[in-house]
Participant: 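Structure below; questions to follow.
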Amino acid sequence: MADFTSDGFCLNDNKAGLSQMEGHSKEDIAKILTKNSEGSKFYQNKKQRHQATEQRIAQKKKILEEASPADYNDALRKTDKMLSNLEASRDLSHTIVHVDMDMFYAAVEMRDAPHLKDKPVAVGGNSMLSTSNYVARKFGVRAAQPGFLAKKLCPNLIIVPCNFPKYRAVAAIVRGVFAEYDPNYASASLDEAYLDITEHLKVRADRTEEERTLWRCDCEYWRSLDADWKPSATQETEPTSSENNQETCPECGRVAESIVTGTDAEGAVLELRTKVFRRTALTCSAGIAPNSKLAKICTDRNKPNGQYQLPPNKEAVLEFVKDLPVRKIPGIGATTEETLRALGVQTCSDIHKHRASLALVFSDLSTEYFMRVSLGIGCTTISNDEERKSISNERYALLPSPITV
DNA sequence: ATACATACC
DNA sequence: AACTGGTATGTAT
């Protein structure tokens, strides 16, 4: 049986023969970046903002020093009240999926110019890159990096200009697949979306094996856009033997393999990802979880071209979140991470440990956000833009963020 | 109401 | 030499 998640479609950037461009160590990368950016206006700006952050951290520490035991007690009671309310509202009944195209723009460009496959490639311009492929990443070339710095890291880097009309066209095809699993899917960007597949799974439970069977062969037939290929549809190729899942491809006559995707969430998402690949020749990664915040984090677990499910039970969620660095949480960026670290908080369980302190120095809204994070609670409904506009008082935004000023 | 800060792609 | 541009949301005044 073909394993669609680990076959040759997955990018292999560890090929022998690439040895003349192995990439850089972390230290090399840091050294080159520092050498080329210190003294620049950008660097000065960054330093200034950093100092402002340190000021605010100092203020927070002062508040903590001056707080009385009674203040701590009140703060503790406040957070515990929040925690019990949030725990009571925990909803594990939805299956939320986050899908992310792998290095989207770069993947499209490599697909359409195969000679780029083994080369370090980034998409963007001299002043800013949107994304890079995995060869380039070994050199430290990243999204949101200026092209001229990337060139210092990787002199052989090929920078392809953005072609947004093309990316939009590809995104439209991908979104067509999403809609088959959740007609109300929400796009987070051209290459990312959230789906609630709870309803799909109910329908899927009654689908026959045949309806859940996907085919592929080694020829290029699957590249024809918008086609979900089925070999048995043609009469001249009688099914050879269905027990070893082999058929003959009507295009090239070679043996084609099939996989049967399960009725569960993993099966549905494997099928979704296979359809995306079939229709675009591009891979994507996905996370499956009881809420959107966790689903997004899960996406990174088996990237690229993989998926990961966090089971919908409280124990698994708490275990998942336990040693998770707070920076992994959508909404917690570099600044909030630094502020939290100064307060002794690096992982999500540290949030619980230091909840009284957090409540003393952050707003109620931010404190509640942190409590939600520590419990692994997030948004369990997906609303696209049209819906979001009609709901003026949304209790939980898709990606709530703490503001730590 | 306005300006500023943080975060994401 | 050079570090996007657009959107969303929260905080401070």
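Lettering of chains follows the sequences in order, A, B, ..., and the numbering in each one begins at 1.
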Participant: Without decimals, in angstroms, what is the distance between A:Leu365 CG and B:dA5 P?
Facilitator: 20 Å
Participant: Over how many whole Å does the gap from A:Ile57 atom CD1 to B:dT6 atom C1' extend?
Facilitator: 14 Å
Participant: Considering only B:dC9, C:dC3, C:dT11, which nucleotide approaches the side chain of A:Met128 most closely?
Facilitator: C:dC3
Participant: What do you reckon, is CZ of A:Arg90 surrounded by more than 12 foreign heavy atoms closer than 6.0 Å?
Facilitator: yes
Participant: Return the value, rounded to whole Å, for the distance between atom CZ of A:Phe370 and atom C1' of B:dT6.
Facilitator: 11 Å
Participant: Ignoring backbone atoms, test whether A:Lys151 places a side-chain nitrogen or oxygen under 4.0 Å from the OP1 or OP2 oxygen of C:dC3.
Facilitator: no
Participant: Of the options A:Glu209, A:Glu266, A:Glu271, which is the one that meets A:Arg204 in a salt bridge (Lys or Arg N to Asp or Glu O under 4.0 Å)?
Facilitator: A:Glu271
Participant: Given atom CG of A:Leu190 and atom P of C:dG5, what is their separation to the nearest angstrom?
Facilitator: 17 Å
Participant: Can you check the distance between C:dC3 and B:dC8, where both ends of the measurement are the P atom (answer in whole Å)?
Facilitator: 23 Å
Participant: Are any side-chain N or O atoms of A:Gln145 and backbone N or O atoms of A:Gly140, one a donor and one an acceptor, separated by less than 3.5 Å?
Facilitator: yes
Participant: Hey, does the side chain of A:Ser366 come within less than 4.0 Å of C:dG10's phosphate (OP1/OP2), counting only N and O?
Facilitator: no
Participant: A:Asp191 near the nucleic acid: base, sugar-phosphate alone, or nothing, with a heavy-atom cut-off under 4.0 Å?
Facilitator: sugar-phosphate
Participant: Taking DNA chain C as the partner, which of residues 161-169 of chain A come within under 4.0 angstrom of it by heavy atom?
Facilitator: none
Participant: The side chain of A:Pro146 is closest to which nucleotide in this list: C:dC3, C:dT4, B:dC9?
Facilitator: C:dC3
Participant: With a 4.0 Å cut-off on heavy atoms, is A:Arg327 in touch with a base, just the backbone sugar-phosphate, or nothing at all?
Facilitator: sugar-phosphate
Participant: Ignoring backbone atoms, test whether A:Ser130 places a side-chain nitrogen or oxygen under 4.0 Å from the OP1 or OP2 oxygen of C:dT4.
Facilitator: no
Participant: What's A:Leu149 touching, base or sugar-phosphate or nothing? Going by heavy atoms closer than 4.0 Å.
Facilitator: base
Participant: Just checking A:Ala143: base, sugar-phosphate only, or nothing, at a heavy-atom cut-off of under 4.0 Å?
Facilitator: nothing
Participant: Please confirm whether the shortest side-chain N or O distance from A:Thr336 to OP1 or OP2 of B:dT6 is below 4.0 Å.
Facilitator: no
Participant: Separation of A:Arg49 atom CZ from B:dA5 atom P, in whole Å?
Facilitator: 9 Å
Participant: Grab the CG-C1' distance between A:Asp300 and B:dC8 for me, whole Å please.
Facilitator: 13 Å
Participant: Nearest-Å distance, NZ (A:Lys46) to P (C:dT4)?
Facilitator: 13 Å
Participant: Would you indicate what A:Gln145 reaches in the nucleic acid, counting non-hydrogen atoms under 4.0 angstrom: base, sugar-phosphate, or nothing?
Facilitator: nothing
Participant: Within a 6.0 Å radius of atom NZ on A:Lys152, are there more than 12 heavy atoms belonging to other residues, nucleotides or ligands?
Facilitator: no
Participant: Main chain of A:Gly124, side chain of A:Ser130: is a donor-acceptor contact present, judged purely on distance under 3.5 Å?
Facilitator: no
Participant: Between B:dC8, C:dA2, C:dT11, which nucleotide gets closest to the side-chain atoms of A:Lys296?
Facilitator: B:dC8
Participant: A:Phe42 CZ to C:dC3 P: how many Å, rounded?
Facilitator: 9 Å
Participant: Does A:Thr335 put a side-chain nitrogen or oxygen below 4.0 Å from OP1 or OP2 of B:dA5?
Facilitator: no
Participant: Under 3.5 Å, which donor-acceptor pairs link side chains of residues 309-316 of chain A to any protein atom two or more places apart or in another chain?
Facilitator:
unit_1: A:Asn313; atom_1: OD1; unit_2: A:Glu315; atom_2: N; d: 3.3
unit_1: A:Asn313; atom_1: OD1; unit_2: A:Ala316; atom_2: N; d: 2.8

Participant: Who passes salt bridge (charged side-chain N to carboxylate O under 4.0 Å, His left out) against A:Asp100, sequence neighbours left out?
Facilitator: A:Lys303
Participant: So, do A:His200 and A:Asp182 sit near enough that their side-chain heavy atoms are less than 4.5 Å apart?
Facilitator: no
Participant: Give a yes/no on whether any side-chain N or O of A:Arg56 is located under 4.0 angstrom from OP1 or OP2 of B:dT6.
Facilitator: yes
Participant: Contact class for A:Ser37 (heavy atom, under 4.0 Å): base, sugar-phosphate, or nothing?
Facilitator: base
Participant: Can you check whether A:Asn156 reaches A:Lys119 side chain to side chain, under 4.5 Å on heavy atoms?
Facilitator: no
